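Quick caveat, the model's predicted, so the values are computed rather than measured. Start at 1 with the first residue, then count along the sequence. Values reported hereafter were calculated over all heavy atoms of this structure, with side chains retained and with hydrogens, waters and symmetry mates removed.
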Amino acid sequence: MGERPRPTRLPDQPLRPGARMSLHQDRNERDFTAPIVSVSLGLPAMFLWGGPARTDKTSRILLENGDVLVWGGSARLYFHGIAPLKEGEHPLTGRARINLTFRKAM
């Protein structure tokens, strides 16, 4: 058996209302066999889930406080992003959404 991947938590800046994250792929790693784990905290966000090409149609998935999204395998390099964050206030994070991303970055 191979060694289990050890995830790295990547630092994320809080998103404020009006902020967005354009469609992108997570290609910083040397090894794409480990999944990406995303934990959402604070304000809800509309996650945009595309396909292997930037021009693929996206699906919209509502992520709320405490939601965890995991993807890997053939979908590991699918384009994804966040639509502009709507105005709001969360009791724990105020006017912010925090995303904790875990992946094997090295």
Contact check, side chains of [X] and [Y], non-hydrogen atoms, under 4.5 Å:
X	Y	result
Leu48	His80	no
Leu62	Phe47	no
Leu43	Lys86	no

Linking I/L/V/M/F/W/Y whenever any side-chain heavy atoms sit under 4.5 Å apart, do [X] and [Y] land together?
X	Y	value
Ile61	Leu77	no
Leu63	Met46	no
Leu85	Met21	yes
Val70	Leu41	yes
Ile98	Val37	yes

Can you tell me how far the [atom1] atom of [X] sits from the [atom2] atom of [Y], to the nearest 0.5 Å?
X	Y	atom1	atom2	result
Ile82	Asn99	CD1	CG	6.5 Å
Arg76	Ser74	CZ	OG	12.0 Å
Ile36	Leu69	CD1	CG	9.5 Å

Could you tell me which non-hydrogen atom of [X] sits nearest to which non-hydrogen atom of [Y], and how far apart they are?
X	Y	value
Val39	Phe102	CG2-CE1, 4.1 Å
Gln25	Pro52	NE2-O, 3.8 Å
Pro17	Gly88	CG-N, 4.2 Å
Gly18	Pro84	O-CB, 4.1 Å
Arg54	His24	NH1-N, 4.5 Å

Side-chain H-bond candidate by donor/acceptor type, Asp67 with Ser40, under 3.5 Å: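 Not at all, the side chains of Asp67 and Ser40 share no donor-acceptor pair under 3.5 Å.
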
Test item: side-chain donor near acceptor, Thr58 and Asp56, under 3.5 Å: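 Side-chain D/A pair, Thr58 to Asp56: absent.
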
Could you check Arg97 against His90 for side chain to side chain contact (heavy atoms under 4.5 Å, CB included), going step by step and ending with a plain yes or no? CA-CA 9 Å; Arg97 174 187 187 268; His90 188 274; over 6 Å; no

Once you measure the plane-to-plane angle for Trp71 and Trp49, does it fall in the parallel (<30°), tilted (30-60°) or perpendicular (>60°) bin?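 Perpendicular, since the angle between the ring planes exceeds 60°.
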
